[in-house]
K.L.:
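The structure follows.
Atoms within a ligand are numbered from 1 in the order they appear, just like the ligands themselves.
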Amino acid sequence: MDEQYVDSLYGADADLERTKAGIAANGMPDISVADGYGRLLTMLVTLSKAQNIVEIGALGGYSGICLARGLPQGGKLVSLELLQSYADVAKVHMKAAGLGDKVEYIVGDAKQSLAELKESGRKFDFFFIDADKEGYPIYLEYAIALAEPGAIIVGDNILLRGRTIDPAKAGPAVRAVRYFNETIASDQRLQSTVLPGYDGLAIAIVK
Ligand code: SAH
Ligand code: DHB
Ligand code: MG
């Protein structure tokens, strides 16, 4: 498999391996972002010189580590997570990776947390959308509303392990992700591309 080959080029990453092991030990699902996309997240944060990131869906902190690694000194990651127990695990892993001082968790339904961030007037220059798939269209609208000009929006799992392109599938997550992908590709407020590797990744710039 091409993805296994490219992953095999990279040596062990102690912080990410500890995080994966901690996720398994806590009985949490093995659904962290793909290794190759984690590396891409770090690169995109670095390249864009982002200083204020919003992550939607923390799980055990794997993508949080990848995002925060790209931040400059003083840069911040706001991570929105439904479950307190997951945010607690993620925080442990961020701290162990030396990134604990860069992250703030907001626990609860991300739709509510995003509404509160919007109300507060805070703006962000990088968004990683990776929570419940039904919420993707709403998360995209909030990201655009909270974005500084030139902000980057990344969305994970836009192929839904084949369900997105299966005409027999039409459940709420599938319909939401199809709508998200169509918006990413056609919305005049965005410049974008969609990568089909792993489980698919959408990348957009807010004009
Ligand atoms: N970004 C993580 C993986 C996230 S998995 C990584 O790559 O490391 C999806 C996460 O979204 C889970 O932790 C789940 O609890 C969370 N989630 C699901 N629905 C949510 C909601 N409505 N609001 C906030 N988080 C939610
Ligand atoms: C799955 C994978 C993810 O990265 C995610 O955010 C949610 C679900 C999955 O494979 O089921
Ligand atoms: Mg994901």
K.L.:
Which of the numbered atoms in ligand 2 are below 4.0 angstrom from a heavy atom of Asn157?
P.N.:
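Matching atoms, with element in brackets: 2 (C), 3 (C), 4 (O), 5 (C), 6 (O).
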K.L.:
Need the ligand 2 atom indices (1-based, order shown) with element for anything under 4.0 Å from a heavy-atom of Asp156.
P.N.:
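Ligand 2 atoms under the 4.0 Å threshold to Asp156: 4 (O).
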K.L.:
Do any N or O atoms from the side chain of Asp125 and from the backbone of Ala151 form a donor-acceptor pair under 3.5 angstrom?
P.N.:
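Not at all, since once roles are kept as given, no pair shorter than 3.5 Å links the two residues.
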K.L.:
Counting each atom of ligand 1 from 1 as listed, which ones have a heavy atom of Gly108 under 4.0 Å away?
P.N.:
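Reading through ligand 1 atom by atom, the close ones are 23 (N), 24 (C).
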K.L.:
Give the residue and atom name of whichever protein heavy atom lies nearest to atom 25 (N) of ligand 1, and the separation in Å to one decimal.
P.N.:
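Nearest protein contact, heavy atoms only, for atom 25 (N) of ligand 1 is Leu82 N, 3.1 Å.
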K.L.:
Under 4.0 Å from a heavy atom of Tyr86: which atoms of ligand 1 are those, numbered in the order shown and with their elements?
P.N.:
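So the atoms of ligand 1 that pass are 13 (O), 15 (O).
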K.L.:
Look at atom NZ of Lys123 and say whether more than 12 heavy atoms of other residues, nucleotides or ligands are closer to it than 6.0 Å.
P.N.:
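It does: Lys123 NZ has more than 12 such atoms within range.
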K.L.:
Is there a nitrogen or oxygen of Gly57 sitting under 3.5 Å from a nitrogen or oxygen of ligand 1?
P.N.:
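The answer is yes, given that Gly57 and ligand 1 share an N or O pair closer than 3.5 Å.
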K.L.:
Show the numbers, then the answer: is there a side-chain hydrogen bond (donor to acceptor under 3.5 Å, both in side chains) between Tyr139 and Asp130?
P.N.:
CA-CA 9 Å; Tyr139 297 144; Asp130 196 21; over 6 Å; no
K.L.:
If the threshold is 4.0 Å, N to carboxylate O, is there a salt bridge linking Asp132 and Lys111?
P.N.:
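Salt bridge: yes.
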K.L.:
Of all the atoms in ligand 2, which lie at a distance below 4.0 Å from a heavy atom belonging to Lys133?
P.N.:
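Contacts of ligand 2 toward Lys133, numbered from 1: 5 (C), 6 (O), 7 (C).
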K.L.:
With carbon and hydrogen excluded and only N/O/S kept, which atom of Asp156 is nearest the Mg ion (ligand 3)?
P.N.:
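Per the distance ranking, Asp156 contributes OD2 as its closest N/O/S atom to the Mg ion (ligand 3).
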K.L.:
Can you report which non-hydrogen protein atom sits closest to atom 12 (C) of ligand 1, along with the distance?
P.N.:
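The closest heavy atom on the protein side is Glu81 OE1, 3.6 Å.
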K.L.:
What atoms in ligand 1 come closer than 4.0 Å to a heavy atom of Phe128?
P.N.:
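So the atoms of ligand 1 that pass are 1 (N).
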K.L.:
May I ask you to check whether Asp199 has an N/O atom sitting below 3.5 Å from an N/O atom of ligand 2?
P.N.:
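No: no nitrogen or oxygen of Asp199 is under 3.5 Å from one in ligand 2.
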K.L.:
For Asp132, take its heavy atoms, then give the atoms of ligand 1 lying under 4.0 Å from any of them.
P.N.:
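Listed by number with element, the hits are 18 (C), 19 (N), 20 (C), 21 (C), 22 (N).
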K.L.:
Which pair of heavy atoms, one from His93 and one from Ile65, lies closest together, and at what distance?
P.N.:
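Between these two residues, the closest heavy atoms are O-CD1, 3.8 Å.
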K.L.:
Tell me whether Ser32 has at least one N, O or S atom under 2.8 Å from the Mg ion (ligand 3).
P.N.:
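Here the distance criterion (N, O or S atom, under 2.8 Å) is not met by Ser32, so no.
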K.L.:
Would you compute the distance between atom CG of Leu59 and atom CG of Asp30 and round it to the nearest 0.5 angstrom?
P.N.:
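Reported value, rounded in 0.5 Å steps: 9.0 Å.
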K.L.:
Assess Gly135 for proximity to ligand 1: is some non-hydrogen atom of it under 4.0 Å away?
P.N.:
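So Gly135 does not count as touching ligand 1.
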K.L.:
If you count every heavy atom of other residues, nucleotides or ligands that lies below 6.0 Å from Lys207 atom NZ, does the total exceed 12?
P.N.:
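Counting other residues, nucleotides and ligands, NZ of Lys207 exceeds 12 neighbours.
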K.L.:
If you measure every N or O of Val33 against every N or O of ligand 2, does any of those distances drop under 3.5 Å?
P.N.:
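The answer is no, given that Val33 and ligand 2 share no N or O pair closer than 3.5 Å.
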K.L.:
Please write down residue, atom name and distance for the protein heavy atom closest to atom 5 (S) of ligand 1.
P.N.:
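For this ligand atom, the closest protein heavy atom is Ile31 CD1, 3.6 Å.
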K.L.:
Checking a contact table here: which protein heavy atom is nearest atom 1 (C) of ligand 2, and how many Å away?
P.N.:
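Protein heavy atom with the smallest distance to atom 1 (C) of ligand 2: Ile31 CG2, 3.5 Å.
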K.L.:
Should you measure from each heavy atom of Ser32, which atoms of ligand 1 turn up under 4.0 Å away?
P.N.:
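Counting atoms of ligand 1 from 1, those under 4.0 Å from Ser32 are 6 (C), 7 (O), 8 (O).
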K.L.:
At a threshold of 2.8 Å, where the distance has to be below it, does the Mg ion (ligand 3) have an N, O or S atom of Asp199 nearby?
P.N.:
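It does not: Asp199 brings no N, O or S atom closer than 2.8 Å to the Mg ion (ligand 3).
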K.L.:
Taking only Lys NZ, Arg NE, NH1 and NH2, and the carboxylate oxygens of Asp or Glu, determine whether Asp15 and Arg18 approach each other closer than 4.0 Å.
P.N.:
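The answer is yes: the pair qualifies as a salt bridge.
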K.L.:
Give a yes-or-no answer on whether the side chains of Tyr136 and Asp156 include a donor-acceptor pair shorter than 3.5 Å.
P.N.:
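No, no side-chain donor-acceptor contact under 3.5 Å.
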K.L.:
Counting non-hydrogen protein atoms only, what is the nearest one to atom 23 (N) of ligand 1? Give residue, atom name and distance.
P.N.:
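Closest protein heavy atom to atom 23 (N) of ligand 1: Ala110 N, 2.8 Å.
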K.L.:
Search all heavy atoms of Ala68 against all heavy atoms of Met94 and return the closest pair with its distance.
P.N.:
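For Ala68 and Met94, the tightest heavy-atom pair comes out as CB-CE, 3.8 Å.
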K.L.:
Show me which atoms of ligand 1 lie under 4.0 Å from any heavy atom of Tyr62.
P.N.:
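The list of qualifying atoms is 8 (O).
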K.L.:
Quick one: look at Ser113 and ligand 1, take heavy-atom pairs under 4.0 Å, and tell me if it's side chain, backbone, both or neither.
P.N.:
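The answer is neither; Ser113 stays 4.0 Å or more away.
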K.L.:
Just jot down the ligand 1 atoms closer than 4.0 angstrom to any heavy atom of Val33, in number order.
P.N.:
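Near Val33, meaning under 4.0 Å from one of its heavy atoms, ligand 1 has 6 (C), 7 (O).
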K.L.:
Check this for me: does any side-chain nitrogen of one of Arg122 and Glu104 sit under 4.0 Å from a carboxylate oxygen of the other?
P.N.:
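Glu104 and Arg122: salt-bridged.
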K.L.:
Where is the nearest protein heavy atom to atom 3 (C) of ligand 1: which residue, which atom, and how far?
P.N.:
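For atom 3 (C) of ligand 1, the nearest protein heavy atom comes out as Asp130 OD2, 3.2 Å.
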K.L.:
Under a 4.0 angstrom heavy-atom cut-off, which atoms of ligand 1 come close to Asp109?
P.N.:
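This gives 21 (C), 22 (N), 23 (N) as the contact atoms.
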K.L.:
Restricting to N, O or S atoms, which atom of Asp130 is closest to the Mg ion (ligand 3)?
P.N.:
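When I compare the N, O and S atoms of Asp130, OD1 is nearest to the Mg ion (ligand 3).
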K.L.:
Please report the shortest heavy-atom distance between Glu182 and Ser186, naming the atom on each side.
P.N.:
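The answer is O-OG, 2.7 Å.
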K.L.:
Among the heavy atoms of Tyr37, does any lie under 4.0 Å from an atom of ligand 1?
P.N.:
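Tyr37 does not count as a contact of ligand 1 under the 4.0 Å cut-off.
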K.L.:
Would you check, one step at a time, whether the test side-chain hydrogen bond (donor to acceptor under 3.5 Å, both in side chains) holds for Lys133 with Asn157?
P.N.:
CA-CA 8 Å; Lys133 307 313 164 193; Asn157 309 108; 3.1 Å; yes
K.L.:
Is it the case that atom CG in Leu83 sees more than 12 heavy atoms from other parts of the structure closer than 6.0 Å?
P.N.:
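Yes - once you tally the heavy atoms of other residues, nucleotides and ligands closer than 6.0 Å, there are more than 12.
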K.L.:
Is the closest basic N to carboxylate O distance between Asp13 and Arg69 below 4.0 Å?
P.N.:
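Looking at Asp13 and Arg69, the cut-off is met.
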K.L.:
Which residue supplies the protein heavy atom nearest to atom 8 (O) of ligand 1, what is that atom called, and how far is it?
P.N.:
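It is Ser63 N, 2.9 Å.
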K.L.:
Taking only heavy atoms of Arg161, which atoms of ligand 2 are found under 4.0 Å from at least one of them?
P.N.:
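Numbered from 1, ligand 2 contributes 9 (C), 10 (O), 11 (O).
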K.L.:
Is Asp7 paired with Arg39 through a side-chain N to carboxylate O contact shorter than 4.0 Å?
P.N.:
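A salt bridge links Arg39 with Asp7.
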K.L.:
List the atom of Cys66, the atom of Leu16, and the distance in Å for their closest heavy-atom pair.
P.N.:
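Taking every non-hydrogen atom into account, SG-CD2, 4.2 Å.
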